[in-house]
Amino acid sequence: MLIRRVLLGGVTVCIVSLIIFAGVEMLPGDACTQFLGEYQADEELLAQCRKDLDLNRPAIDRFAEWTQGAITGDLGLAADGTTKISTIVGDRLKNSLLLAFCAMAVGIPLALLLGVVSGLWRDRLPDIIASTLAIFAMTIPEFVSATLLILVLSVWLGWLPGIVLTSAAAPASEFFPEILLPVIVLSFVMCAHIMRMVRSSVIDVMASDYVQMATLKGVPYWQMVFRHALPNALLPAINVVALTIAWLLGGVVVIEVVFNYPGLGRLMIDSISDRNLPVVQSIALIVASVYVCVNLAADLLTMIANPKLRTMYMRK
Amino acid sequence: MPQSPFIDIKNLSVGYTSRSGKTIPVLRDVNLSITRGDSIGLVGESGSGKSTLALAAMGYFKRGLHVISGQVQFDGIDMLNIERNALQRLRGGRLALIPQNSGQSLTPNLRIGQQITEALRLHSDLPATSFDAGVIDLLSQVRLPDPVGLTDRYPHELSGGQQQRVAIAMALASNPEALLLDEPTTGLDVTTQAHIMELLRDLAKDRNLAMLYVSHDLGAIARVCNKVMVMYAGETVLTGSAKQVLLSPRHPYAHGLLASIPRLNETSLPQALDGRPPMPSETIMGCAFADRCKLADRTCYSSSPPLNHLETGEAVRCFHHDQIGQLNQKTEKSARSNPVAADKDTALSLANLAVSYSRPRLLSKLFALQDTPPSTVDRITIDIKKGETLGLVGESGSGKSTILKTIAGMVPAQSGNIILNQTEPLDTMVEKRPAAYLRQVQIIFQNPDDSLNPRHTVAQILAQPLRLYYGLSGTPLRDRSIAILEQVRLGEHYLERLPSQLSGGEKQRVAIARAFAADPEIILCDEVTSALDVSVQAAVLDLLDVLKRQDGTTYIFVSHDLAVVKAISDRVAVLYQGRICEIGPVAAVYSAPFHPYTDALLGAVLEPDPDVAPRLKADDAVELSPPNLGCPFQRRCPRKLGSICETNIPTAQEIAPGHIIHCHISQVDL
Ligand SMILES: Nc1ncnc2c1ncn2[C@@H]1O[C@H](COP(=O)(O)OP(=O)(O)OP(=O)(O)O)[C@@H](O)[C@H]1O
Ligand code: SF4
Ligand code: SF4
Ligand SMILES: [Mg+2]
């Protein structure tokens, strides 16, 4: 079962990479017409360039080489023919991971806490406040809330730097405190989604027969909540959390642009506008792999945490 | 000198606040007192407030409900004004509950052992070191096989009967003085039910318990209770000893309720109580039962009857309780539709059908290893005529539902054929069947919680088949939906409700309505009435019968309730472990000679008569898979002949035309 899921994930990544590769191949022009720009009319230069970049070999060969390289971490050269993609992307990936990790560290615990609290105190003050905020967070577009935050915290109060000026290659520690504002915005948004989900799941579970039974069995309230209600209420949250993590890692384009944060999302945008196709290809591949991995991890976790699924695969 | 009451509920009214801000009563001015050693049966239709009253005895009210007035005392303690910690110590301690639907009442993420240990830790003075021993002791007290192995299992790994026993064991952990039972055996096998009832009887006697037994199963009540209280629309309408209430009920509602129970010794359909109880939100002038009462006169509509205390010890809420005798003359048994003529066309034929859930592993498939377990269902050959009702009886795990699911295309057949209308093969799974076949075969499930989408309103649920097969929309759709709802005795105001806002009985009625909406040829009924009140059940049986006469609908009717199957079926097949034990016309199967398994089943049926005790022949052990060789019933058969039963498949003996028994015992000895 487990093996099948992993294989399936691998196949998904392969198919995605094939689609990415094929998509780029099918675009009119290639890396050389792009690189040479106005000089592309010069047949000789073009031929030389294609030879340099190995573009004359059949697509299948190049695809095989590309995937082989990708597996070993060598993503090849960018469209300028000199920079290694792994260096450019590597720095950005690190930055994206840093941002995602900080947002998760703040957002997930907060979301779980708020979700549980508002589920337990349903329709009472804590719930009303949290739920209203969540609806705001989900409906206001990110760039609006981001801009508002910059305006208030940075421009008016001057507490936090409004945009990130650190260069992409700088070590993680140099991003503080500039990273704080994007982290706040991101955790706010993700928190809202997870919290809504957890809240409704807590409400369902609190109305279930087994929670009523636990109460009528004499289990004190908090013990009932922690032993009987929450383990079951938080199960469905795993997948939502996974989706959010995938979203975070896949590059949160708008936020990165607004805060000038050097992450994958912005690199993607820049590469697209530069027609730097090899980089776009690589980023798409990375995002797809992250997506598959995170979902796989979530499914596994659900399987381990849910006795129904667990016993299905363990016993006999 | 009468003992002082142990559980004492005085003038209790409970209600909820409607959206318009009005307080709507669910219980009205109810009195109930139970002394130790007493066991009181609480009877009434779904929605009559039985569970609300039982839970009120624990000082518990479901979310949304609140006390309007009245008192609840337990051994002199005021349960409505008690500090939370003290209340939690009483609950599950001196006062324990065995819940309705124990499958859903056990916490899914905790092992059986953990859940019972929790009860011990909270309520017993056992030292922590002997909890494990305590758990095993409790599990064996409720006669569960392999108690040690069970402690490590999760609730979903047990059968319904086992879950129920676990719930009982959990309730006994604290050595309670009072037990509240909310439908503890509804939906269980007859044999399991009979054994659990005997267990409860013994426990009540040994421990001198005060017991409140909520059920709409009057057979079970007759077995364990010495007093009975009948509720209607949130009010007490009749109380008395079990004999008084069950044998000569003095209230027209109780009278009708008893008449609606299908009984083994009758061949006619039970009598449905017409109409439905008023909703809590309807304002009632006069007697709440008046709309459905054959004795009602003008007084009944203008003033509400008080609870009269009679010299016999009974209490009756009826102006005309002395005229109850008239009801017996006024009731004529509804006639059964005639059995179908033998020359009718075959609607569905099953030929040597076998179904297996175990998927052979790739390796054993490749090397043709013979380690596959015996098929779950095997050797099923039955022809069903148009307009015929075939009953399938047997305990849980006997493969009844599997056969239905295979016909419906939800489970693939391993071998054999299913043919609809003599020519149309139903050998593909449901996704590949043509739409015309799909409409013709409808299935109604046992548990409406699983088959109704919790996020769809009743209107949406009914609209699905009406849109899909008939393309209805707008007003015609709504009109048709309302007409169908009326057929299953639900009113128009149910259209906007979600399944969670319906009682268990109401939910099943919606599921039935949905199947009828497609106007199918064959309806596969999987335990469709086991969640229903007897009066509604009688109405549904009646409705099924009416439709059959109108359109010649064919039914395959699966139930573990032998009396229900008897009432509705033309022909019955008795199944054990997926094999047919006995098949024949209903009258022949329900009378001697019997297959040993049929005999055991019939003996376990609880009749709503306090003077009749069940005959328990076979034990109620749960078998997980059929034996490899020989007779499927060999492990539990009380009349097993010996090794021949273990090695040879019993031959079919034709006792009378169409009546076949599969057993090695020769015809004369059966
Ligand atoms: N939380 C609630 N809010 C509003 N109404 C409720 C609530 N719970 C139950 N009711 C209503 O109260 C009435 C009594 O419900 P109760 O569950 O006590 O019935 P019951 O006799 O136990 O029925 P069943 O046999 O189906 O279990 C029903 O009309 C039901 O619709
Ligand atoms: S009071 Fe009237 S309507 Fe009510 S049960 Fe008695 S006879 Fe029927
Ligand atoms: S064949 Fe043997 S085991 Fe089976 S029912 Fe008959 S006597 Fe019992
Ligand atoms: Mg109930």
Side-chain angles (χ1 to χ4, degrees), chain A residues 1 3-4 7 118-124 127 196-197 199-238 301-316, chain B residues 51 54-55 57-64 84-112 114-116 118-123 152-157 167 170-171 173-174 176 180 182 358 361 373 449 454 500 624:
Chain A
M1 179 56 205
I3 298 167
R4 203 200 296 167
L7 284 180
S118 54
L120 292 179
W121 278 274
R122 175 186 175 185
D123 295 340
R124 307 254 278 282
D127 177 32
R196 298 281 304 168
M197 159 76 218
R199 174 182 181 271
S200 72
S201 165
V202 167
I203 287 175
D204 282 353
V205 167
M206 288 301 284
S208 71
D209 286 350
Y210 54 85
V211 163
Q212 177 183 323
M213 186 58 212
T215 306
L216 291 176
K217 186 175 147 186
V219 181
Y221 185 77
W222 286 110
Q223 206 171 319
M224 180 273 287
V225 168
F226 283 109
R227 259 174 79 92
H228 295 261
L230 290 191
N232 296 299
L234 295 182
L235 267 185
I238 295 177
L301 205 62
T302 312
M303 208 158 94
I304 293 168
N306 184 341
K308 259 188 207 168
L309 296 175
R310 187 170 65 222
T311 49
M312 208 152 90
Y313 299 116
M314 300 284 197
R315 304 218 167 122
K316 70 179 168 178
Chain B
S51 303
L55 294 180
M58 299 188 99
Y60 183 88
F61 300 91
K62 288 204 171 156
R63 194 185 160 83
R84 186 143 116 179
N85 288 339
L87 182 62
Q88 285 306 91
R89 274 196 298 279
L90 280 179
R91 288 174 173 170
R94 297 179 62 193
L95 183 61
L97 172 81
I98 299 173
Q100 189 167 16
N101 214 341
S102 56
Q104 283 158 33
S105 297
L106 295 170
T107 307
N109 67 310
L110 297 176
R111 294 170 198 274
I112 301 300
Q114 290 175 305
Q115 304 202 31
I116 301 181
E118 185 177 48
L120 285 172
R121 183 164 43 78
L122 290 168
H123 299 295
D152 267 346
R153 302 247 209 130
Y154 287 99
H156 69 271
E157 296 179 283
M170 204 154 75
S174 61
L180 306 171
D182 193 354
S358 73
R361 300 208 145 211
D449 284 324
S500 58
L624 290 180

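Bear in mind the structure is a predicted one, so any value in this text is a computation, not a measurement. Computed over heavy atoms, backbone and side chain alike; hydrogens, waters and symmetry mates excluded. By convention in this document, chain letters (A, B, ...) are assigned in the order of the sequence lines, proteins followed by strands, and residues within each chain are numbered from 1.
Within the 4.5 angstrom heavy-atom criterion, no atom of B/Ala96 approaches chain A. For B/Leu97, the parts lying under 4.5 angstrom from a heavy atom of chain A are both the backbone and the side chain. Heavy atoms of A/Val219 lying under 4.5 Å from chain B belong to its backbone as well as its side chain. Contact of A/Gln212 with chain B is made through backbone and side chain together, with heavy-atom distances under 4.5 Å. In this structure, the portion of B/Leu55 lying under 4.5 Å from any heavy atom of chain A is its side chain and not its backbone.
Here the shortest heavy-atom pairing between A/Pro307 and B/Pro108 reads CG-O, 3.3 Å. Nearest approach of B/Met58 to A/Leu216, heavy atoms of both residues: CE-O, 3.5 Å. The nearest pair of heavy atoms linking B/Tyr60 to A/Thr215 is CE1-CG2, 4.0 Å. Nearest heavy atoms, B/Asn109 versus A/Arg227: ND2-O, 3.6 Å.
A donor-acceptor distance shorter than 3.5 angstrom exists from the side chain of A/Lys217 to the backbone of B/Gln115, with no hydrogens or angles considered.
When each of B/Met170, B/Arg91, B/His123 is checked for heavy-atom pairs under 4.5 Å with chain A, B/Arg91 comes out on top. Chosen from B/Ser105, B/Gly92, B/Pro99, the residue pairing most often with chain A at heavy-atom distances under 4.5 Å is B/Ser105.
Applying the side-chain contact (heavy atoms from CB on, under 4.5 Å) rule to A/Arg124 yields the partners A/Trp121, A/Pro126; only residues at least two apart in sequence or on another chain are considered. Residues satisfying the salt bridge (Lys or Arg N to Asp or Glu O under 4.0 Å) test with B/Arg94, not counting sequence neighbours, are B/Asp75, B/Glu177.
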*asked:* Walk me through whether B/Gln88 and A/Met224 qualify under side chain to side chain contact (heavy atoms under 4.5 Å, CB included).
replied: CA-CA 11 Å; B/Gln88 285 306 91; A/Met224 180 273 287; over 6 Å; no
